[in-house]
Peer 1: 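I'd like to ask some things about the structure below.
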Protein chains: 2
Amino acid sequence: MGFAVHYRSVTCGELTLDNVGQQVQLAGWVNRRRDHGGLIFLDVRDRYGITQVICDPERSPDAHRIAVELRSEYVIQVVGTVNSRLPGTENPHLSTGAVEVIAQQIELLNPSRTTPFPISNESIQVDEALRLKYRYLDLRRSKLRDNMVLRHRIVKAMRDYLDDRDFLEIETPILMKSTPEGARDYLVPSRLYEGEFYALPQSPQQLKQLLMVGGLDRYFQIARCFRDEDQRADRQPEFTQLDLEMAFVDEEDVMSLIEGLLVFLIEKTTKKRIKERPFPRLSYKDVMDRYGTDHPDLRFDLPLVEISDLAAAGHFGVFKSALAAQGMVKGIRVPGAGGYSRKEIEEITEFARSLGAKGLVSLALHTNGEIKSPLTKFMSADEVQAIVQRLAGQPGDLLLFVADSAKVCNDVLFRLRVKLAERLGLIPPDELALCWVVDFPLFHYDEELKRYDAEHNPFSGMQEEDIRLLDTDPLKVRAKQYDIICNGYEIGGGSVRINIAALQHKVFSLMGMNDEQIKEQFGHMLEAFEYGAPPHGGIALGLDRLVMLFADEDSIREVIAFPKTQSAMDLLLGAPSPVDDKQLQELHLQVRPEAKKG
Amino acid sequence: MGFAVHYRSVTCGELTLDNVGQQVQLAGWVNRRRDHGGLIFLDVRDRYGITQVICDPERSPDAHRIAVELRSEYVIQVVGTVNSRLPGTENPHLSTGAVEVIAQQIELLNPSRTTPFPISNESIQVDEALRLKYRYLDLRRSKLRDNMVLRHRIVKAMRDYLDDRDFLEIETPILMKSTPEGARDYLVPSRLYEGEFYALPQSPQQLKQLLMVGGLDRYFQIARCFRDEDQRADRQPEFTQLDLEMAFVDEEDVMSLIEGLLVFLIEKTTKKRIKERPFPRLSYKDVMDRYGTDHPDLRFDLPLVEISDLAAAGHFGVFKSALAAQGMVKGIRVPGAGGYSRKEIEEITEFARSLGAKGLVSLALHTNGEIKSPLTKFMSADEVQAIVQRLAGQPGDLLLFVADSAKVCNDVLFRLRVKLAERLGLIPPDELALCWVVDFPLFHYDEELKRYDAEHNPFSGMQEEDIRLLDTDPLKVRAKQYDIICNGYEIGGGSVRINIAALQHKVFSLMGMNDEQIKEQFGHMLEAFEYGAPPHGGIALGLDRLVMLFADEDSIREVIAFPKTQSAMDLLLGAPSPVDDKQLQELHLQVRPEAKKG
């Protein structure tokens, strides 16, 4: 494509030996300036690449005179002739590395102050707060630039794939209705209606279902979602999901569409290997047993193994008291770690304690056949041997056990498993291990609220044969839910929905809502289901996380152009910020006196 | 593409004579049911079309028994065999009109209550409030469905076009910083920072400029924007724009890109004719003179003509007093309306009065050469003739004049011109008349605020030769601004921006801001401009309006899936709504006591 001649005839990323002899016009930033043998060498950079420009005081004194004054990040325009570089001076790391431009004219378009961190040298670690405040400078660096390009390519490929399959992209409102269900809403005060509020959507869940009731058949949206939660872990107040819904489908239809989409995206936008295809489908129960989590990292094995039955033998107090309290004993085999020092084991134990374990029970299988473990004092050799066998322990291995409630055992061993895999170097680079987790329970029991709560969301349908259990044993009802996991991250989840008003009403009732609350909050959904709601289902994929995984980043902030901090601040714009009292007055609001004092 | 066999093997829009003899499975809504000669005819509808299904009590008694119970909007699944229709019974209006499906099995997936308005008969006018409350039913009707499909296609084509030209789609935050500049912000209270607020963006203006400073070169976004304004005319609290910015460009680059994009969109997604290409470029001054507005409808001519100089002659008090008050006299020729009755002229005059005119002065040129006008009493025949000639009046024409301030003359005649064109049938159907308006003034003087205000936005650059006028005569400075107009609607506008910190500071100063205010509100922009900001410019196109024009609709609500009412209410979800006091407490807010009472 051609750029206007006014500022440039080519970008800084496109000149090759084919262009030698041509007169060209470039514009961009001074990436580096070097003086060498009386000449000035400028690396001129734009989004597309870097081109070396040479300023010769003999041939172009005017250009040279300007070049003398140039500093890093000055914006310039160059007119010159493309020349092949001398043999031995080519730069194989640059797409333009075979050529250079001999400057005839240089114009300074805008100077630059010294930047607070270097743009061209990315090996220097820069404090994240500084990078966020000067995000526009950070975006000039190749890492963030490449992430933005990758994100664009992923989203474009998503849209192409879905457009090819008759999906309509439909925008749903950002100014929505607040519902007490789920996470905390961000509220937007209404000026026209005193004391009333809009809420920013946590997801377009209800509206996408209504689009299916509306006959639009296949919907998607790259949708902005909002949750006012404390920003533990790697969360943002606003995030983006690929939101999708289909009519006349069952679980299989949605899963196979998404599996096809993910394979397409990975092949089109990355060089990564997919570990296994089709993606394995694992039941919720099996992944909890084997990995202690519903989002297991399958790039490595290291399964967890329950030994509660074997731990009941002998007289080991730690095991006995955990089992007496309805807990369990679960272990993991650490291959080749039988020779770990006391200090190394203590480090690992400390890590387990930081996750909530009271401690770790270790069993080292020395290569000479000796077993070193506190267990040997309280259990018979046969009893110990049965445990070793259950974990398939080999000479040279280390076995580690947690004895506690099921929740603590799983939480600790899930994270310990990942930590050990990293320590043992078991995680292959450039591999994506994807799997589906299915057969989720529809409900869990919320001990705090003393009621059933939806595992996924209250709109998920249930397996037909389990519907009768709603009346007798709701916790046994399996949802028509599917989560998609990649390298230990949940990158998406969805379900086939309820489309029958009476069944939806029953789910809300089980969640402790009375008829009035149901009508007030979800009356529009129940009413819609009475006007010919088709069977439908869908999914949402977390876009930020998906791009993060594809880009090999550790934080979603690295794949968002203007992220907020962990504490929800925008350091570039300075948001949030106080507003004029006049603005609050128009919204019929005032800051509470106790807050003002604080 | 293939649907899962579970619910359907084909859609309701795809069967043709090629499929005769095949067994198929369909799913959809009962659009209509007719009993005819012992058979039941079902029109089964989905997003893709309508297929006729025949239930024969002899051949498939079970299917027929179910069909007897079916009503409009019931959701069903049909298994049957494709049959060619008898000659003479084909339906040329349906893509599937050559065939029918002989039902073997029917399953009722979900019944429907009687809908509050008919889905299949769209000729019946339905109250808009009812349509909005049951939006999911309105979306089943072909008009809204087609609009949603068109909107999807337009947006997809936009993205394809821009992706082909190296643009990156980049998401900018919705939780932004409030600035008192421009329209009223929607605010979002912060929970973590007491008494502080985010604001929803009126546009991503600042961030897209920072992306250019960040070297990303070519940005776009289909961006949601928010303005808490009183909803006069056809506005929504949230709206969508194609937001775009480019580095190293001048006005010509942006205009030619957008002109290419619009031609591509029109040719790809509509059957409309473009009146003139390349789009005419008109100066702000010329369009104000000739059409009384900066967004003229060029599908017809009917120019306005100023006659202030000629009106100064004679003794016509209406003209004289307008001119004495620094006003003007401006007229329009209404071809072939010389024979309008007194009643017709009175109707037109009443319309002009409703727009703020004190009245209209008429001059009828009868076909017999006679002139009928109040002017003849106060002006000589020559003086009257000069006016007729200025307007190129012909026998049989009617000339109408407004004498008032320039603002009133233009406001009235701009709307009168459109009204007359409609009345005279001068507006060709299926034509899009596009033009650019350029050479806008950078500032206007805001009489209320007693200060200069930016005509477009405070970031617009100015013609180089006018920069010196900033100090002497700011109202004479011409901006590097361009608006794109289609059929009398402004569908977009943009500018080449300021990229020099000192110049940007001067513009803010002229707008009455002191140094402290500038730093507080725009310090991050001025600082960014000091780190090598490239020349850049961009534009925003109003997507809702564009789709509305392409879809031949009169309101943007017809091309938005879930619009709010003119008074910013969501009738489907019931938003805005009161929230729990607990929610407000967490946000450190309370409703003002005086508001509670009201």
Side-chain angles (χ1 to χ4, degrees), chain A residues 1 4 6-8 27 47 73 75 110 112-113 136 139-140 152 156 163 165 168-170 173-175 177-178 186 188 190-198 210 213-215 217 224 228 238 248 250 253 528 530-534 561-562 568 573 575-579 588-592 595, chain B residues 1 4 6-8 27 47 73 75 110 112-113 136 139-140 152 156 163 165 168-170 173-175 177-178 186 188 190-198 210 213-215 217 224 228 238 248 250 253 528 530-534 561-562 568 573 575-579 588-592 595:
Chain A
M1 63 139 309
H6 185 67
Y7 280 109
R8 57 187 175 190
R47 185 185 112 201
E73 300 311 311
V75 186
N110 216 352
S112 173
R113 288 163 55 183
Y136 48 88
L139 286 165
R140 284 190 201 159
H152 166 79
K156 182 65 171 64
D163 179 69
R165 283 157 184 78
L168 298 177
E169 184 162 22
I170 297 174
I174 296 288
L175 294 171
K177 181 183 173 154
S178 181
Y186 277 105
V188 181
S190 161
R191 182 175 52 88
L192 296 175
Y193 306 94
E194 297 183 0
E196 301 198 356
F197 295 79
Y198 304 95
L210 292 174
V213 180
D217 207 72
R224 201 71 62 84
D228 186 10
E238 52 185 304
F248 300 111
D250 59 19
D253 298 312
E530 297 199 329
Y531 287 106
F562 298 105
L573 301 177
S577 63
V579 297
H588 324 287
L589 290 176
Q590 61 191 26
V591 176
R592 278 178 197 256
Chain B
M1 62 138 309
H6 186 67
Y7 280 109
R8 59 187 173 188
R47 186 183 113 201
E73 301 309 311
V75 185
N110 216 350
S112 173
R113 288 163 56 183
Y136 49 86
L139 286 165
R140 283 190 202 160
H152 166 79
K156 181 66 170 65
D163 179 68
R165 283 158 184 79
L168 299 177
E169 185 161 22
I170 297 175
I174 296 288
L175 294 171
K177 181 183 173 155
S178 181
Y186 277 105
V188 181
S190 161
R191 182 174 52 87
L192 297 175
Y193 305 94
E194 297 183 359
E196 302 198 355
F197 295 80
Y198 304 96
L210 292 175
V213 179
D217 206 70
R224 201 72 62 84
D228 186 8
E238 52 186 305
F248 301 111
D250 59 19
D253 298 312
E530 297 198 329
Y531 287 107
F562 298 105
L573 301 177
S577 62
V579 297
H588 325 288
L589 289 178
Q590 61 191 27
V591 176
R592 278 178 197 257

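Each chain gets a letter, A, B and so on, in the order the sequences are listed, and its residues count up from 1. Not measured: the values here are computed from a predicted model.
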Peer 1: For B:A533, is there any backbone N or O sitting under 3.5 Å from a side-chain donor or acceptor partner on A:N110?
Peer 2: yes

Peer 1: Within the side chain of B:E530, is there an N or O that forms a donor-acceptor pair under 3.5 Å with the backbone of A:S112?
Peer 2: no

Peer 1: Could you state the interatomic distance from NE2 (B:H6) to CZ (A:F248), rounded to the nearest 0.5 Å?
Peer 2: 11.5 Å

Peer 1: Based on non-hydrogen pairs under 4.5 Å, which of A:A27, A:G214, A:A561 is most in contact with chain B?
Peer 2: A:G214

Peer 1: Which heavy-atom pair separates A:S577 from B:K177 by the least distance, and what is that distance?
Peer 2: OG-CG, 3.9 Å

Peer 1: Name the region of A:I170, side chain, backbone, both or neither, that has any atom closer than 4.5 Å to a heavy atom of chain B.
Peer 2: side chain

Peer 1: Below 30° counts as parallel, above 60° as perpendicular, anything between as tilted: where do the rings of A:Y531 and B:Y136 land?
Peer 2: tilted

Peer 1: Using a 4.5 angstrom heavy-atom cutoff, name the option from B:E169, B:E73, B:R224 with the most pairs to chain A.
Peer 2: B:R224

Peer 1: Go through it in stages, so that I can follow the logic: the residues are A:V213 and B:R140, the test is side-chain contact (heavy atoms from CB on, under 4.5 Å), and I'd like the CA-CA distance, side-chain angles, deciding distance and then a yes or no.
Peer 2: CA-CA 8 Å; A:V213 180; B:R140 283 190 202 160; 3.4 Å; yes

Peer 1: Does any heavy atom of chain B fall under 4.5 Å from the side chain of A:L175, the backbone, both, or neither of them?
Peer 2: both

Peer 1: Could you give the distance from CG (B:L192) to CG (A:D228), rounded to the nearest 0.5 Å?
Peer 2: 6.5 Å

Peer 1: Search all heavy atoms of A:E238 against all heavy atoms of B:I174 and return the closest pair with its distance.
Peer 2: OE1-N, 2.7 Å

Peer 1: Only pairs of heavy atoms separated by less than 4.5 Å count here; which of B:G532, B:G215, B:A575 has the most with chain A?
Peer 2: B:G532

Peer 1: When you measure from the side chain of B:R592 to the backbone N and O of A:L589, does any donor-acceptor pair fall under 3.5 Å?
Peer 2: yes

Peer 1: So, for B:D163 and A:K156, which heavy atoms are closest and what is the spacing to 0.1 Å?
Peer 2: CB-CE, 3.5 Å

Peer 1: Please flag which part of A:S190 lies under 4.5 Å from any non-hydrogen atom of chain B: side chain, backbone, both or neither.
Peer 2: side chain

Peer 1: Does the distance from a Lys or Arg side-chain N to an Asp or Glu carboxylate O, for B:D250 and A:R8, drop under 4.0 Å?
Peer 2: no

Peer 1: When you look at B:V579 and A:E196, which way does the side-chain contact (heavy atoms from CB on, under 4.5 Å) test go after all the steps?
Peer 2: CA-CA 7 Å; B:V579 297; A:E196 301 198 356; over 6 Å; no

Peer 1: Side chain, backbone, both or neither: which part of A:Y193 has a non-hydrogen atom closer than 4.5 Å to chain B?
Peer 2: side chain

Peer 1: Would you name the heavy atoms of A:Y198 and B:A568 that are closest together and state the gap between them?
Peer 2: OH-O, 2.5 Å

